[in-house]
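Each chain gets a letter, A, B and so on, in the order its sequence line appears, and its residues count up from 1.
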Number of protein chains: 2
Amino acid sequence: MRHTIRHVRVTPIAFRDPPLLNAAGIHEPWALRSIIEVETDSALIGINETYGEQAMLEVLAKAAPALQGLSPWDLNAMEARVKALVQPAGARSEFLGEQISLAPGTHVSKNVAKVISAFEVAMLDLQGQLANAPVVDLLGGAVRTSVPFSGYLFFKYAEHIGSPYRPDPFGEGLSPEQLVAQARHMMDHHGFKSLKLKAGVLPPEQEVATMLALAQAFPGTPLRIDPNANWSVATSLKAAEQLQGVLEYYEDPAPGLEGMAEVARACDVPLATNMVVTDFKEFAQNVQKGCPVRIVLSDHHYWGGLRATQQLSRLCQTFEMGLSMHSNSHLGISLIAMTHLAASVPLLSYACDTHYPWQDDDIVQGGRLHFEDGSLRVPRGPGLGVRIDPEALLRLHDNWLHCGIRNRDDLGQMRKYDATFTGKQPRY
Amino acid sequence: MRHTIRHVRVTPIAFRDPPLLNAAGIHEPWALRSIIEVETDSALIGINETYGEQAMLEVLAKAAPALQGLSPWDLNAMEARVKALVQPAGARSEFLGEQISLAPGTHVSKNVAKVISAFEVAMLDLQGQLANAPVVDLLGGAVRTSVPFSGYLFFKYAEHIGSPYRPDPFGEGLSPEQLVAQARHMMDHHGFKSLKLKAGVLPPEQEVATMLALAQAFPGTPLRIDPNANWSVATSLKAAEQLQGVLEYYEDPAPGLEGMAEVARACDVPLATNMVVTDFKEFAQNVQKGCPVRIVLSDHHYWGGLRATQQLSRLCQTFEMGLSMHSNSHLGISLIAMTHLAASVPLLSYACDTHYPWQDDDIVQGGRLHFEDGSLRVPRGPGLGVRIDPEALLRLHDNWLHCGIRNRDDLGQMRKYDATFTGKQPRY
C-alpha cells in the first residue's frame, strides 16, 4: 500500500515561560511554538514541534502544499519543493530586530532550513510508523541508549512584571548564591551532570564570580558560560583568564566570527557557538578562517533537520571540530526529536542544552518527560515514540489565542522593567 | 518482531574482463569481486557486492562477527564494531604495490570504510525489505527516476595474451578511429550521452588526438579525460591547452594534490579526482589548499557507504564543489547500489562512471541490467530491488576457484606483454 500525504495542520501554541534574563532582554511570560501534524490518506499522523512566531506560521502555511501527494519517504522531494515555495532571495540582509544574534531561529534567511526541518521530523515520525522503527533507527540506530543534557542556568527575576500568573518555583536568581541554589535545584530534580550559565546579563565580574561559585560548589562538574556575544574581545579575554581551569568550553563570548577569532588567538579554552556558525555557509567561513570556533552548537530546528545535522556532524569530524546542541524554550516533541538525533550521532558527546526544565506544561501524552541522571532515554516505539495529547493541544492553543504575543520580543519586554535598556551589543 | 542478524556469507567471484589499458598496466583476464549475504534469524537476506582481493576477503572475514546480533537498523553500531575489529593503525603508509593511485579501493588504510560500506548496503537492503521501501527511499527518496551514466572508453588490445577465452566484441582500441568506433558502439548499445577516456596509456599527443576525434565525431557530447596522474604538470597543461573547449572536466592529470594544484592555477577547466580526495581527511586537505580539485569522483565502496557518500555530498555543497562517481570493474549489485545512491543525491548531476558495459556476465536474477538512453531506472521494489541468481553465483565462484588470480595486478599482467614496463608514474 502506498501512503500519501494529504494534509498538514499547523497549530500555534503558547506556554508559560519564566522571567529569564539574557543579552537581548528578558523572556516574556509566554513562549510561542507551533505543532505540526502531517496526515496521510491512510490516516497516519506524523508530528513535530517548531517555532511559533507569526512569520514562521506564515511561511509554514506557504510551504504546506509542498507535502501534498508525497510519500512520507520523499524527504528529498519535500526539500526541493520547500525551496521552490519559500523564496529566500535577498533575505540574507533582513533582520527581525536585534534578536537575531540570540535566536538564529528567528532569522528569515533560515526559513527554508526551518520549514524543511519542521516537515522532515514529522515525515520521519510517519516513516517510523510505516517501518515499525523508532526515528533513531531511521538515522542509523542508537549509539547511546540515553542522551545527556546539561542544567541550563539563568539570571532571573522572581516573577514577571505585572504578575500574569503564579511565580515559578525557582525564585530570584541574581547573586552567585542564588545561582548555586538554582543549579542545586536543577541537579536534585533532574540529575544533570554538567551546567551552563546564560551570561551577558550582569556586569562581567558578577558573572565570573557566579561561575567561580559554581565551580566551588560542584567540583568536577563540567561548566560552560554563554555571554551571547555581549562582551568585547578585551572583556572576553579578561574573563577567560579569571576562569582558567573552570570552563569545559567558552560559548560565544564576543560578537562576530572576527571577534571570536581574536578571542581564540589568545585563549586556550575551545570556543563554541550557536551565533557565528549557524548554517553551512558560515561553517565554510569558519574553516576558511582556520577554525577559530571549535565546537558547533547545532539545532536541528534551523540547521535543516535531523539528517542535515547528521551531515553537519560529518563536517565537524572532517575538520576536527566538536558538536553539541543549542536550544530555545520548547516542549516535549522537540526534546524527543533532539534525543533521537543525539542518540544517532557518535560525535554528539557533550551534554546537550535544553530549556525544558524551565517549562511546567507539555503537549505530549502522559505529560512532562523525565530525565534520569540528567539523561533522557531514547524511546523505542515507532517514530518519535510520543503522541500529542489532544486536550493539551487545545489548552496550549487557547493560551496562544489569549496571550497577546505573536512575536518573541525580549527587548521590548525588558523595556517594561527598564525604559533605558537599549539591547545594544556588546554591552560590556 | 525483532529481526536479528545471525550470519554473514562472503563469496568471492571472478568474471571475464577485457584487456583494458591504464596507467598501471593492463586488466587481467579475470576481475575479482565478492558477494555479501547478510541473513537474519527471520531468514531475510540482504545482499551486496564489493572488492574481492585476498586482503579484502580476509578483512571481511575478520569483521563479519561485528554483525552478529545486530538489527538491520543498527548501522551506527555496525560502524563502531567494524572500527574496533579492523585495526587501521599504522596502515596509512602501507601500499599494495603501485596500484594504489589507480584503485584507492585496494589501499589497506581504507579497510574500515570498505568493510562498513560492504555491510551497510546489505543492511540497507534488509531495511528496505522490512519497511517495504526501496533503498533510495531510505536515503531520503529519489530526486531523479533514472541515473545517467557515461560511456567509459579504454585503449585496449584485441584480446588477452594467451587467448584465455573468446575475444570481446569491441576489438582493438589504439587509434583515434578505433576509439571513435568504440564510443559509437557504446552509444548505440547503451545510449550514453557523455564519454570518458581512460588515458595515461599512450603518448599524450595520441590521447589528445583521440579526444579531438571524439569531439569531432560527437559534437555537443560532454567529454572527459582521465590520465590517472600519469602526466607531469607540464604535460597536463600542454594537453589542457590543446583540448581547450573540449573537456567537461579534467580528471587527475598530474600526481598528488600539489601537482593538481599547480595544474589548477594555470587551467580553467575544473579538475576532478578519485586519486587525491579519496577520504574525508584528504577532503579537508583539499579545502585547506583552496580547493584546487573542484569535483570529487566518489565511490561508495571505499568512501564508507551510501550514507557517507550523502555526507560527502553535503561537504561538496558546503565548499561549492561538484560530485560524480568513480567505478572499478563490477557487476549489477554494485551498479544498482550506485543507482539508488545517485538517485537520492541532488548534487550528483554529472553522468556517473561505470565499467559495467565491459562485462558480459552478471550475478543478479534476470541477468544483465539494461541502460535506457544511457541511464538506469531506479528499482521501486523493496531494498536494492535485485536478488542474487544462485546459479550465477555458483558459476562466478567457480571462475574464482579456477582463475588463479587472488589480487589485481595490472602491472604484472602488463609485464607479460612488455618485460621492460615499469609502471613508474608520471610516465609522460
With only heavy atoms counted, which part of [X] is less than 4.5 Å from chain B, the side chain, the backbone, both or neither?
{"X": "Glu79(A)", "answer": "neither"}
{"X": "Ser344(A)", "answer": "both"}
{"X": "Ala80(A)", "answer": "neither"}

Exercise. Most heavy-atom pairs under 4.5 angstrom with chain B, which of Ala131(A), Ala308(A), Gly140(A)?
Worked result: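 Option with the greatest count: Gly140(A).
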Problem set entry | Top contributor to chain B interface from Leu139(A), Leu124(A), Val136(A), Leu70(A) [non-hydrogen pairs under 4.5 Å] | Leu139(A)
Problem set entry | Nearest heavy atoms of Phe280(B) and Thr318(A), plus distance in Å |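 Between these two residues, the closest heavy atoms are O-CG2, 3.2 Å.
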Problem set entry | Atom pair CZ (Phe283(A)) and CG (Leu315(B)), whose distance is rounded to the nearest 0.5 Å |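 Rounded to the nearest 0.5 Å, the CZ-CG separation comes to 7.5 Å.
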Seminar exercise, completed: In Arg307(B), Arg314(B), Gln317(B), the residue satisfying side chain to side chain contact (heavy atoms under 4.5 Å, CB included) with Gln311(A) is Arg314(B)
For this session: Mind ranking Val287(B), Leu130(B), Val345(B) by heavy-atom pairs under 4.5 Å with chain A and telling me who comes out on top?
Result: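 Going by pairs under 4.5 Å, I would pick Val287(B).
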Problem set entry | Under 4.5 Å from any heavy atom of chain A - which part of Glu320(B) |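 Neither part.
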Exercise. According to the interplanar angle, ranging from 0 to 90°, do the rings of Phe319(B) and Phe319(A) count as parallel (below 30°), tilted (30 to 60°) or perpendicular (above 60°)?
Worked result: tilted
For this session: For atom CZ of Arg377(B), decide whether the heavy atoms of other residues, nucleotides or ligands shown that lie under 6.0 angstrom number more than 12.
Result: no
Exercise. Can any side-chain N or O of Asn76(B) pair as donor or acceptor with the backbone N or O of Gly141(A) at less than 3.5 Å?
Worked result: yes
